[in-house]
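Positions are given from 1 along the sequence.
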Amino acid sequence: MYAGMPANDFSAIEKVKKIFKNRPDFLEHGSQERIKKGEHVQFSATPYFFFVESGYLKYKFDNHYEHKYSVLVGPGDSIVFPTIDNELDNEPVGIALTDMVLWKVEYAFFQEVTAMEDPSNSLLIDHLIRSRRHLYINTIQSGLTPTQRALFNMYRMMDIGFHTSANQVELPEFVTLTLLADLANINPSYLSTSLRPLHESGLLLSNKRPWVITDVAKFIALLKEEKIPLLFTKS
């Protein structure tokens, strides 16, 4: 039903494993790091390529920027390309929403290895596709009302949720009122008010985690009624 993340999630992860982990000198230039849920990860002024093997992280482009749209990154996402990001005077930061496995590779080594092992630049192309998708999501949100943004971000979480039946889905365990408000760039109290009709109708159960959308078909119909773009829905 859902288009979800790019279809090459698995191939991107496997490619990184194949071309880096099998290098005998990998540990001299990189590492796989376990990041615990809740840990902060600093990305500013760093000569590293970061790649998410597993888990989810909330990425903020600039820790000093008041505009609060954040980017949700997950398996297959690469976070920093120094030749691009180091030209900008920003302080990107991330917070792990789950336990994660994060690859950290010296960028010079990354360039050396991919020049030989990835001459078609598939990893860079994948990064650009994913970046375009993240930018597109935030661009769409900038044209929505606060209530529409609240529903749109519920829809985003449904896309990576777990279907307990054909018409019911559990949202990821890390979904909270605070996170959704941050992703939607609205006040948590306003978000709570916006979601109240869903609670009252029984369409959303959020008294405990994971949150549950009890009727996917009705929720999709509501999104259509509210004229919210259905980016992830195939039919």
Non-hydrogen atoms of [X] and [Y] that approach each other most closely:
X    : Y    : answer
T147 : S194 : OG1-OG, 3.6 Å
M157 : L183 : CE-CD1, 3.9 Å
H134 : L72  : CE1-O, 3.3 Å
K36  : A96  : O-CB, 3.5 Å
L144 : Q148 : CA-OE1, 3.4 Å
D182 : S70  : OD2-OG, 3.3 Å

Please determine, by modelled atom types, if S165 and N167 share a side-chain donor-acceptor pair under 3.5 angstrom.
no

Is it true that the side chains of K21 and Q32 contain a donor and an acceptor less than 3.5 Å apart?
yes

Run the salt bridge (Lys or Arg N to Asp or Glu O under 4.0 Å) test against R34 and tell me which residues pass, sequence neighbours left out.
none

Those residues that, when tested against E106, pass salt bridge (Lys or Arg N to Asp or Glu O under 4.0 Å) (two or more places apart):
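Result, salt bridge (Lys or Arg N to Asp or Glu O under 4.0 Å) vs E106: none returned.
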
Can you check whether [X] reaches [Y] side chain to side chain, under 4.5 Å on heavy atoms?
X    : Y    : value
V101 : E33  : no
I220 : M158 : yes
Y59  : I95  : no
P75  : I13  : yes
L97  : V175 : no
L151 : Y155 : no

Are [X] and [Y] in one and the same hydrophobic cluster, where Ile, Leu, Val, Met, Phe, Trp and Tyr link if side-chain heavy atoms are under 4.5 Å apart?
X    : Y    : answer
L222 : I228 : yes
I160 : L177 : yes
L205 : L171 : no
V41  : Y48  : yes
L123 : M116 : no

Can you run down the ring-ring contact (aromatic ring centres under 6.0 Å, His included) pairs that involve [range], sequence neighbours left out, and say none if there aren't any?
range            : value
residues 12-42   : F20-F110, F26-W103, H29-F109
residues 192-220 : none
residues 167-190 : Y56-F174

[atom1]-[atom2] distance between [X] and [Y], expressed to the nearest 0.5 angstrom:
X    : Y    : atom1 : atom2 : result
L124 : H127 : CG    : NE2   : 7.0 Å
L180 : R149 : CG    : CZ    : 13.0 Å
L204 : R196 : CG    : CZ    : 13.0 Å
M154 : D159 : CE    : CG    : 13.0 Å
K58  : L179 : NZ    : CG    : 6.0 Å
T139 : R132 : OG1   : CZ    : 12.0 Å

Do side-chain atoms of [X] reach the backbone of [Y] as a donor and acceptor pair under 3.5 angstrom?
X    : Y    : value
S192 : P188 : no
T193 : S189 : yes
N121 : I125 : no
D215 : K218 : yes
T114 : P119 : no

List the steps, then state whether side chain to side chain contact (heavy atoms under 4.5 Å, CB included) holds for M100 with S54.
CA-CA 5 Å; M100 302 180 64; S54 63; 5.5 Å; no

Could you walk me through whether L223 and F152 pass side chain to side chain contact (heavy atoms under 4.5 Å, CB included), step by step?
CA-CA 8 Å; L223 296 176; F152 178 72; over 6 Å; no

Take L230 and K224, measure what side chain to side chain contact (heavy atoms under 4.5 Å, CB included) needs, and give me the verdict at the end.
CA-CA 8 Å; L230 303 180; K224 291 179 178 178; 3.6 Å; yes

Going through the checks in order, is the salt bridge (charged side-chain N to carboxylate O under 4.0 Å, His left out) test met by E112 and R23?
CA-CA 12 Å; E112 174 191 334; R23 290 274 304 215; 3.6 Å; yes

Ion pair present between D77 and R130, side-chain N to carboxylate O less than 4.0 angstrom?
yes

Apply side chain to side chain contact (heavy atoms under 4.5 Å, CB included) to the pair V52 and L102, showing each step before the final yes or no.
CA-CA 5 Å; V52 180; L102 188 67; 3.9 Å; yes

In chain order, what residues pass the side-chain hydrogen bond (donor to acceptor under 3.5 Å, both in side chains) check against K17, with sequence neighbours excluded?
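With neighbours one apart ignored, the set is E53.
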
